[in-house]
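In what follows, every chain begins at residue 1, and chains take the letters A, B, ... in the order their sequences are listed. Note that this is a predicted model, so its numbers are computed, not measured.
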There are 4 protein chains.
Amino acid sequence: MKFNDKQVQIIEEAEKLFAQKGFKGTSVREIAQNAGINLAMISYYFGSKDKLLEAIFVYRGHNTKISLEEILKNGKMSPAEKIDVLIEKYVQKIFSQKPFYKIMSKEMLTNNTENTEKLILEIKTQNLELIAKIISEGQKSGEFSTDVDLPLIMATLSGAANNFIATQKYYRKLSGLESMKEKEFENLLLNKLTKNLKRIFKTLLSNDN
Amino acid sequence: MKFNDKQVQIIEEAEKLFAQKGFKGTSVREIAQNAGINLAMISYYFGSKDKLLEAIFVYRGHNTKISLEEILKNGKMSPAEKIDVLIEKYVQKIFSQKPFYKIMSKEMLTNNTENTEKLILEIKTQNLELIAKIISEGQKSGEFSTDVDLPLIMATLSGAANNFIATQKYYRKLSGLESMKEKEFENLLLNKLTKNLKRIFKTLLSNDN
Amino acid sequence: MKFNDKQVQIIEEAEKLFAQKGFKGTSVREIAQNAGINLAMISYYFGSKDKLLEAIFVYRGHNTKISLEEILKNGKMSPAEKIDVLIEKYVQKIFSQKPFYKIMSKEMLTNNTENTEKLILEIKTQNLELIAKIISEGQKSGEFSTDVDLPLIMATLSGAANNFIATQKYYRKLSGLESMKEKEFENLLLNKLTKNLKRIFKTLLSNDN
Amino acid sequence: MKFNDKQVQIIEEAEKLFAQKGFKGTSVREIAQNAGINLAMISYYFGSKDKLLEAIFVYRGHNTKISLEEILKNGKMSPAEKIDVLIEKYVQKIFSQKPFYKIMSKEMLTNNTENTEKLILEIKTQNLELIAKIISEGQKSGEFSTDVDLPLIMATLSGAANNFIATQKYYRKLSGLESMKEKEFENLLLNKLTKNLKRIFKTLLSNDN
DNA sequence: GATGAATGAGTTTTCATTCAT
DNA sequence: TATGAATGAAAACTCATTCAT
């Protein structure tokens, strides 16, 4: 499914607003005004507000898949190195697409439409399969423990990462970093999170349980 | 701040609905109907829908504090054991108060009112201080590493835990446990999560970095 | 009709608020709070909000009558002097009971209940009869013109006077007296209005038409 | 600022109702029903009930200015004649736009929004400047006294005039003219008021104080 | 494709009044 | 007398969607 320029314009504006103020908290009128398009165009292009949300998932979910799949193609790395790269890429993606991940986090918390549920499950499944392959490699080579609960690891990974973008402002206050510049703080966070997750994965995948 | 029976009744009904359908997705009319009280009573007792949300935070935040503080009073345990108990209690609390934690997760993701932000920060600060004390004990006795980023550990803990209650249904499907009974699945989840978190904490607090 | 202390307390608070914010713009809850009494007491003492308004008219209308009647009893003054005193007293009364006259002005502008209409008419009639007597005296003695439209004179008198209390703040700005102290300005206004009205009455009652 | 047909329709209906029942006493639903338009159109066109009130002031205030300015352009009349014409025009305007002047009178009596206060002050200032010019002419030519309090004269003029339209029904009863036909009574009132005001102005502007 | 106007159902909140005690 | 609780009606406003052009 391809979106034309105008649709992308609407999608990106809607994504920003949904992330900031929630789906219900954002009116289509607001989206139209911010995107500089006519109110009726949203219905025209997407059918309804709900469908617009789904379009966001399609738009971002599509990007997600492609970008993550590239990791696996590199055959020279060890499974452990691949996990490290995966974590790096994953954290980078979440940080670069914060609004979308905020929306997804919110949607997972709510009884939403069947369609969004399906789309979220798709994204999760894709990521899971990706990791599954790497872990499977590592298990075959003996590097990783054979006693690994994959969905649990996934939940820990995405849980910690999403929580970081959700609670960024609280983290700032609790760490006493309120005076640090936004960009600097952002980098600090990204590095800490990446390092932390790598360490956690090492533990959870290791043989000595 | 104390709430009378009617207020508690409203608060608990609102909590349930806010968790299910979101704050904006729930109408006060709906709350009133489900709680079996007159619509105007909500304004009468809480002033507004926003204030009702704050009341939920006060109501649950209060309970949170008391129950967690009891852990520390036991002086016979080692810091490592205390951490284990803390994790157990924390996971139990989150599981027993799922609706509230769902609401809090959502609120953290949205630009909400100053008051709720303050109340969330309070709860987070209380938990942080609690863990800080235990870790400090462990650091003095040499059990724990002195190089510990407390807020990061907190974020990992609450992130993973909250993610579990948020993505429970997805976890079920991805693990192929759709046929398992709700209660059994709930227990399984609780145990896995607890065990997992204990292991992560052991790693993150250990000296061998 | 006599009012007890509590009723007077409510009446005076209501009068203040009705004058400030209008009858519809004032809630009974607000009156109760400001008067420091229980909300239900207003219904208890007066029956309804409408009846409370009528009570204000009875309360002030009663005062009005007594105070004005005293003017006539003095038999030593000439009709012209009496008119002057009447104007002085009238302006003083309006200035000292601004809130009530504001309410009355507003009520006259609106299709109100039969009762308030009747009460206003009563007050107007009383004043009219008072002036009528004085003018009649003056006509008999030849001082005043026999061609006098009494209600028209009345309307001019009360119109100008009421307009002054209604447009006080606008008058201040238009006269460039914004820096003058409130009390000083009040006195200035009172004197100017009195002098002005006396002059107008002299003209309207004079023989040379 | 121009209003389209629908907006004018709403404005005129609202004006009628506000004059009859007061601003607070009129519901937007009522306005919509009487104007035969959808309830939501009022918000759509004006934003809010308050803004609708302001629109009435803009709509009528605009008309006021234009119509009054034409008086001055006639250069052949003496200042005294101009004053007479001004009074005639002014009274005619008030009588032809009774609803608007009722609303304005009420608004002046209440602590209203900044915007309406500003708009009222504008209208008053415009009228004041108009009269100021004429009086200034008369003072230069020696016809009028140099000791003239302009705002006070204005207040007398508008006070008396407004009072007439406000107390029309009371005037009718007090004058014993209840059986007269509405139109006839209206004309009688207009003529009396005009004549009366001319006489008053003559006195207040004359040299012999 | 595009738009301004329009709509009906919905929202939260406020109100005057009444009730049980 | 007095009161806190309760209520139903009504208020203004917002919303997503649709329609005619």
Review point. So, is Lys6(C) near the phosphate of dT1(F), with a side-chain N or O under 4.0 Å from OP1 or OP2?
Key: no
Atom pair distance, as rounded to whole Å: [atom1] in [X] and [atom2] in [N]:
X        : N       : atom1 : atom2 : answer
Asn4(B)  : dA5(F)  : CG    : P     : 7 Å
Leu17(A) : dA16(F) : CG    : C1'   : 16 Å
Ile10(D) : dA5(E)  : CD1   : C1'   : 11 Å
Ile31(D) : dA10(F) : CD1   : P     : 17 Å
Leu53(B) : dT13(E) : CG    : P     : 12 Å
Ile37(C) : dT3(F)  : CD1   : P     : 8 Å
Asn38(A) : dG4(E)  : CG    : P     : 5 Å
Met41(D) : dC13(F) : CE    : P     : 15 Å

Review point. What does Tyr45(A) touch in the nucleic acid at a heavy-atom separation under 4.0 angstrom: a base, only the sugar-phosphate, or nothing?
Key: sugar-phosphate
Review point. Taking only residues two or more places apart in sequence, or in another chain, which ones meet Ala166(D) in a side chain to side chain contact (heavy atoms under 4.5 Å, CB included)?
Key: Leu109(C)
Practice item. Write down the distance separating the C1' atoms in dT21(F) and dG1(E), rounded off to the nearest Å. Key: 13 Å
Point to revise | For Glu12(B), side chain to side chain donor-acceptor pair (under 3.5 Å) partners two or more places apart | key: Tyr59(B)
**Study point:** Lys98(D): partners by side chain to side chain donor-acceptor pair (under 3.5 Å), with sequence neighbours left out
**Key:** Gln168(D), Glu186(D)
Check your understanding: Using the ring of each side chain (for Trp, its six-membered ring), is Phe46(D) parallel, tilted or perpendicular to Phe3(D), with breaks at 30° and 60°?
Key -> tilted
Practice item. Check whether any side-chain heavy atom of Ile31(A) sits under 4.5 Å from a side-chain heavy atom of Ile37(A), and report yes or no. Key: no
Check your understanding: Does Met41(B) reach the side chain of Gln9(B), with side-chain heavy atoms less than 4.5 Å apart?
Key -> no
So which protein N/O to nucleotides 16-19 of chain E N/O distances come out below 3.5 Å?
residue, atom, partner, partner atom, Å
dA16(E), OP1, Thr26(C), O, 3.4
dA16(E), OP1, Lys49(C), NZ, 2.8
dA16(E), OP2, Val28(C), N, 2.9
dT17(E), OP2, Lys49(C), N, 2.9

Point to revise | Pair pattern of DNA chain E in dot-bracket, where unpaired bases get dots and | marks partners in another strand, Watson-Crick or G-U under 3.5 angstrom | key: .||||||||||||||||||||
Check your understanding: Between Glu54(C) and Lys51(C), is there a salt bridge with N-O shorter than 4.0 Å?
Key -> no
Exercise for review: Inspect the surroundings of CG in Asp5(C) and state if more than 12 heavy atoms from other residues, nucleotides or ligands are less than 6.0 Å away.
Suggested key: no
Check your understanding: What pairs of residues pass the ring-ring contact (aromatic ring centres under 6.0 Å, His included) test when at least one of them lies in residues 9-45 of chain A, not counting sequence neighbours?
Key -> Phe18(A)-Phe23(A)
